[in-house]
Amino acid sequence: MNVPNIDRLLCFAKDGEQVMGLDTLQGKYGFEPDGTNFYYGINSANRDRFQIDGNALSADFHQPFFDNVLASLDSSAAPDKTVVLGLEPLEPSSPFVFANQSGDLLRALATELAEYQNQARQNGKALNVVIRYASEMNVDPREGNPYAGDPEGYKAGFQFAKTVFQGIARDLLFSFSPAIRADLDEADLSSYWPGTDFVDIVGGTWYIGSEHQSQAAASFMQRYFLHRVATGKPCGIDELGGCSDDPNNRQNDQFIRRMLEELASLQNQAVGFRYVTVFLEGKWGEDATLAFLR
């Protein structure tokens with residue numbers, strides 16, 4: 001399936017607790033993804049380990065992921081791959097305060113990510129890295145997101161993190177990444193906007209969890225992006241997933257295909273997507289084959 005206004009199609013899936021590398025994703029779904037997602041917590045565990053070994057990226061979890069991406073990029077005919085990295089302030093108490101006090105950790109992370117990009121350049125390729133800071137910050141805090149429901153904290157944290165990264169690795173892009181759901185309020189969502197000077201990509205996570213949600217969800221998604229065309233920023237979908245509410249028949253392929261068609265319909269209104277990540281975790285990927293993308 002060719003979607004003319006999507007530059008890069010990414011995939012994310014897990015095998016148990018292990019995030020699938022690009023080679024594994026290609027083997028399972030039968031086409032070569034243009035990249036994938038990963039996550040990094042701004043929390044005491046990563047900060048404490050950094051203070052011991054001096055590395056922001058852990059040797060047992062983060063580094064093998066990025067090593068796999070570089071290896072896949074090196075063996076591919078593609079000129080680049082994209083990683084969307086969720087940068088999550090996960091400390092349970094005052095997450096944004098903790099994140100804003102972790103400048104040394106963020107500077108180390110930016111330096112290490114920039115070095116991976118440099119390694120790709122040395123091999124004649126490009127590694128695109130998009131940081132989505134505190135994604136889905138606009139959901140109800142009772143849904144379990146420790147940093148949700150704090151627009152002022154979010155904006156200050158986003159601005160701080162972007163400033164730190166920009167001083168070290170200007171090629172790293174920052175995505176404004178709310179949950180794009182029809183049951184959430186647009187005015188509330190807009191209250192999190194950190195400022196045009198700080199946002200590189202207008203992104204978001206977009207899910208449809210049942211047939212009766214489809215029309216309202218598609219309409220809300222379209223309004224979200226059309227409302228922000230005037231920023232002049234490229235768009236992206238940090239996570240996209242769809243399924244029915246029947247646990248015995250998720251219909252992932254049908255939902256995902258229709259959602260991609262909804263994105264394609266925005267082409268005539270000058271909305272294009274730098275990347276879209278098809279999220280295949282849990283019920284969002286139970287019966288997905290993605291055969292229509294081969």
Side-chain angles (χ1 to χ4, degrees), residues 1-40 55-88 106 108-133 135 165-166 168-175 177 200-201 203 234-240 256 260 272-281 285 288 290 293-294:
M1 178 180 182
N2 179 35
V3 183
N5 59 339
I6 296 177
D7 293 340
R8 296 170 181 84
L9 191 65
L10 286 53
C11 289
F12 174 86
K14 293 173 70 175
D15 184 5
E17 293 302 312
Q18 184 70 33
V19 174
M20 289 187 185
L22 290 176
D23 49 352
T24 306
L25 286 165
Q26 182 173 354
K28 180 173 183 177
Y29 295 107
F31 74 99
E32 181 178 352
D34 295 318
T36 188
N37 275 29
F38 208 60
Y39 301 86
Y40 187 88
N55 296 314
L57 297 172
S58 65
D60 60 341
F61 184 59
H62 304 112
Q63 293 175 15
F65 169 84
F66 281 99
D67 289 342
N68 174 270
V69 171
L70 283 187
S72 297
L73 176 57
D74 190 46
S75 63
S76 171
D80 62 68
K81 296 290 183 184
T82 297
V83 171
V84 177
L85 180 64
L87 187 58
E88 302 174 312
L106 294 180
L109 178 60
T111 300
E112 292 170 29
L113 293 174
E115 177 54 32
Y116 276 108
Q117 290 184 307
N118 185 52
Q119 291 181 45
R121 280 192 293 269
Q122 290 176 353
N123 292 329
K125 299 293 184 74
L127 175 61
N128 311 308
V129 179
V130 178
I131 306 294
R132 54 180 181 129
Y133 182 80
S135 183
F165 275 70
Q166 190 172 39
I168 295 169
R170 300 184 69 88
D171 289 341
L172 299 175
L173 303 177
F174 268 63
S175 167
S177 184
D200 299 305
I201 294 174
C235 299
I237 300 287
D238 299 306
E239 296 178 9
L240 177 151
I256 293 168
L260 293 176
F273 295 90
R274 182 75 60 87
Y275 59 85
V276 171
T277 305
V278 180
F279 193 86
L280 299 159
E281 177 66 7
L290 305 188
L293 294 173
R294 296 171 191 164

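No hydrogens, no waters, no symmetry mates; every other heavy atom, side chains included, goes into these values. What you see is a predicted model, and the numbers here were worked out from it, not measured in a lab.
Nearest heavy-atom pair, S58 versus P64, reported as atom, atom and distance to 0.1 Å: O-CD, 4.1 Å. Across all non-hydrogen atoms, the minimal contact from A114 to A169 is CB-CB, 3.7 Å. Between L73 and A78, the shortest heavy-atom distance links the atoms CD1-O, 3.9 Å. What you find for F165 and A110 is that their closest heavy atoms are CD2-CB, 3.6 Å. Scanning all heavy atoms of the two residues, the minimum distance from M20 to K14 falls at CE-O, 3.7 Å. The shortest heavy-atom contact between C235 and G272 is CB-O, 3.3 Å.
In this structure, Y39 has its ring center at least 6.0 angstrom away from the ring center of F61. In summary, the aromatic rings of Y116 and F65 are positioned with their centroids too far apart to meet the 6.0 Å limit.
In this structure, R294 contributes its side chain and Y29 its backbone to a donor-acceptor pair below 3.5 Å. Remark: the backbone N or O of F174 is paired with a side-chain donor or acceptor of D200 at under 3.5 angstrom. Judged by distance alone, with hydrogens and angles left aside, the side-chain atoms of D34 form no donor-acceptor pair with the main-chain N or O of T82 at under 3.5 Å.
Only one option out of I131, D238, V276, T36 pairs with V84 in a side-chain contact (heavy atoms from CB on, under 4.5 Å); it is D238.
With values rounded to the nearest 0.5 angstrom, K81 atom NZ is found 12.0 Å from L70 atom CG. For the atom pair N128 CG and L172 CG, the distance stands at 10.0 Å (nearest 0.5 Å). Summarising the geometry, atom CG belonging to L22 is positioned 9.0 Å from atom OG belonging to S76; distances are rounded to the nearest 0.5 Å. Once rounded to the nearest 0.5 Å, the distance linking CG of L85 with OG of S175 reads 11.5 Å. Within the model, atoms CZ of F31 and CG of L9 stand 5.0 Å from one another, a figure rounded to the nearest 0.5 Å. Rounded to the nearest 0.5 angstrom, Y275 OH and I6 CD1 are separated by 12.0 Å.
Classification of the H62-Y40 ring pair by plane angle, with boundaries at 30° and 60°, yields tilted.
By the 4.5 Å heavy-atom criterion applied to side chains, Q26 and P33 are counted as neighbours. Between L127 and Q119 there is no side-chain heavy-atom pair separated by less than 4.5 Å. Considering only heavy atoms from C-beta on, S72 comes within 4.5 Å of N68 through its side chain. The side-chain heavy atoms of L173 and R274, taken from C-beta on, include a pair separated by under 4.5 Å. Between L293 and I256, the closest side-chain pair of non-hydrogen atoms is not below 4.5 Å. In this structure, V129 and D171 have side chains that are not in contact, with every pair of non-hydrogen atoms separated by 4.5 Å or more.
Q63 CD: more than 12 foreign heavy atoms inside a 6.0 Å radius.
With hydrogens and angles left out, the side-chain atoms of T24 and D15 include no donor and acceptor closer than 3.5 Å.
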Between I237 and T277, does the side-chain contact (heavy atoms from CB on, under 4.5 Å) criterion hold? Intermediate values first, please. CA-CA 6 Å; I237 300 287; T277 305; over 6 Å; no
Is there a side-chain contact (heavy atoms from CB on, under 4.5 Å) between L290 and C11 once you walk through the steps? CA-CA 10 Å; L290 305 188; C11 289; 4.0 Å; yes
